[in-house]
**Q** 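My structure is below; once you've seen it, I'll send some questions.
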Amino acid sequence: MRSRRRQYEARSRLKELREGERRLQTALKAGSLGSWVLDVGAMVLRASASSKSHFGRGAEDDFTYEMLREAVHPEDRARMGEAVARTLQTGDDYVIEYRNVWPDGSVHWVDVRARVRKNDAGEVSQLVGVSSDITTRKQYELERERLLSELARERAALSELTATLEERVRERTTELMSEVAARERAQEQLLQSQKMESIGQLTGGVAHDFNNLLMAVMGNLDLLRKRYPDDPRAQRLIGGAMEGLSAAPR
C-alpha cells in the first residue's frame, strides 16, 4: 500500500512538473522569449532553440558560453562580462541589454535576464534566465535619440540665430538713430541758414528803400537851398540837415 501511494505521488508530481513546463513554454513562446541555463562550475551553457535564434543560430547548432561571449559586440563584451561577474559575486539578478553579431555579420540587440540558483552549501551553482530580441525596439529608441539630438542642435542653432538677429537689430537701430539725429542737425542748420538769408534779404531791401528816401529828401533840401540863396539862416539849417543825411548809414 505504501509503495503504491509513493508511485501515485511520484506520477502526480511528474504530471505537475510537465504541466508547469508546458505553461512555461507557452509563456516563453507568447513573449518571444528564449530560455537558458548556465552551470557556473564549468561555465556550461544550455540554450533553447528560441534563445539560440536570438544570436543567429539554428536549433541544432552548437552554442557554448564561449561562443556566446564571442558573439557579443566587441564594444559591449567587457560590460557583459562585468555584469555576469557581479551577479555571481552578489547573487543579484542579472539584467542587461547588449548587441550581438550574427554569423552573417548583422548586428542585433538582446535583452538578457537571469536569477541565481544556489546549491545546498549556499553557493551559486546556476544562472537560470531568458533572452529576447529587442532589435526593433532599440532601432526605434536610437532613431528617437537621433531625432531628439538633431532637434536640440536645431534649437541651439535657432537660438544662436535669434540672438545674432537681435544684436543686428540693435546695431541697425543705433545706426538709424544716429542717421536720424545727423539729418535733424543738418536740417536745423539748413533752416537756420535759410532764416539768416531771409533776414539778410529783408535787411537789404529795407536799406535800399531807406536810401531811396534819403536821396529824395536830400534832393528836396538841395532845391530849398537853391531857392533861398540869400537867407543865411535857411542856408545854415538846410546845410546842417544835408550833412546829417550824408552821415547816415546806407
**Q** Has the side chain of R79 got a donor or acceptor atom that lies under 3.5 Å from a matching backbone atom of I96?
**A** no
**Q** Does one hydrophobic cluster hold both F55 and M80, with members joined at side-chain heavy-atom distances below 4.5 Å?
**A** yes
**Q** Go through R172 and E175 one step at a time and tell me if the salt bridge (charged side-chain N to carboxylate O under 4.0 Å, His left out) criterion holds.
**A** CA-CA 5 Å; R172 184 55 181 161; E175 292 176 359; 3.0 Å; yes
**Q** Report yes if the side chains of M43 and L38 come closer than 4.5 Å at any heavy-atom pair, otherwise no.
**A** yes
**Q** Checking the side chain of D76 only, and the main-chain atoms of Y98 only, is there a donor and an acceptor separated by less than 3.5 Å?
**A** no
**Q** Go through the steps for D62 and R57 under the test salt bridge (charged side-chain N to carboxylate O under 4.0 Å, His left out), then give the verdict.
**A** CA-CA 8 Å; D62 291 334; R57 268 68 176 184; over 6 Å; no
**Q** Is it the case that more than 12 heavy atoms not belonging to E171 sit under 6.0 Å from its CD atom?
**A** yes
**Q** So do the side chains of Y65 and V84 get within less than 4.5 Å of each other, counting heavy atoms only?
**A** yes
**Q** Quick check: are there more than 12 heavy atoms from other residues, nucleotides or ligands sitting under 6.0 Å from CD of E188?
**A** no
**Q** What is the ring orientation for H108 with W102, classed by angle as parallel under 30°, tilted 30 to 60°, or perpendicular over 60°?
**A** parallel
**Q** Decide yes or no for S125 and V40: does some side-chain heavy atom of the first lie under 4.5 Å from some side-chain heavy atom of the second?
**A** no
**Q** Give a yes or no on whether the backbone of A42 and the side-chain of D39 come within a donor-acceptor separation of less than 3.5 Å.
**A** no
**Q** Are any side-chain N or O atoms of D104 and backbone N or O atoms of S106, one a donor and one an acceptor, separated by less than 3.5 Å?
**A** yes
**Q** Please answer whether the main-chain N or O of L127 pairs with a side-chain N or O of R115 as donor and acceptor at a distance below 3.5 Å.
**A** no
**Q** Look at the side chain of W36 and the backbone N and O of V130, then say whether any donor-acceptor pair between them is shorter than 3.5 Å.
**A** yes
**Q** Give a yes or no on whether the backbone of A59 and the side-chain of K52 come within a donor-acceptor separation of less than 3.5 Å.
**A** yes
**Q** If only atom types and distance count, is the side chain of R117 paired as donor or acceptor with the main-chain N or O of V128 below 3.5 Å?
**A** no
**Q** Got a salt bridge between E123 and K118, using NZ or NE/NH1/NH2 to carboxylate O under 4.0 Å?
**A** no
**Q** If we only count heavy atoms from C-beta on, is the L191 to Q194 side-chain gap below 4.5 Å?
**A** yes
**Q** When you check the side-chain N and O atoms of R168 and T164, is any donor under 3.5 Å from an acceptor?
**A** no
**Q** Hey, is the main chain of Q189 close enough, under 3.5 Å, to the side chain of S193 for a donor-acceptor pair?
**A** no
**Q** Salt bridge or not for K138 and E143, using N-O below 4.0 Å?
**A** no
**Q** Any side-chain heavy-atom pair from I134 and V110 closer than 4.5 angstrom?
**A** no
**Q** Got a second to check how far L165's CG is from E160's CD, nearest 0.5 Å?
**A** 10.5 Å
**Q** Report yes if some heavy atom in the side chain of L45 is under 4.5 Å from a heavy atom in the side chain of L68; otherwise report no.
**A** yes
**Q** For the pair E150 and R146, find out whether any cationic side-chain nitrogen is under 4.0 Å from an anionic carboxylate oxygen.
**A** yes
**Q** Does one hydrophobic cluster hold both V101 and F63, with members joined at side-chain heavy-atom distances below 4.5 Å?
**A** no
**Q** Is it true that, when you exclude E167 itself, more than 12 heavy atoms of the residues, nucleotides or ligands shown sit nearer than 6.0 Å to its CD?
**A** yes
**Q** I want to check something: taking the side chain as every heavy atom from C-beta on, are E154 and L158 in contact at a cut-off of under 4.5 Å?
**A** no
**Q** Does L176 reach the side chain of E179, with side-chain heavy atoms less than 4.5 Å apart?
**A** yes
**Q** Determine whether a donor-acceptor pair (N or O, by modelled atom type, separation under 3.5 Å) exists between the side chain of T173 and the backbone of V169.
**A** yes
**Q** My understanding is that only one of S53, S51, S50 makes a side-chain hydrogen bond (donor to acceptor under 3.5 Å, both in side chains) with S131; could you say which?
**A** S51
**Q** Is there a side chain to side chain donor-acceptor pair (under 3.5 Å) between R153 and S149 once you walk through the steps?
**A** CA-CA 6 Å; R153 288 195 301 271; S149 178; 3.0 Å; yes
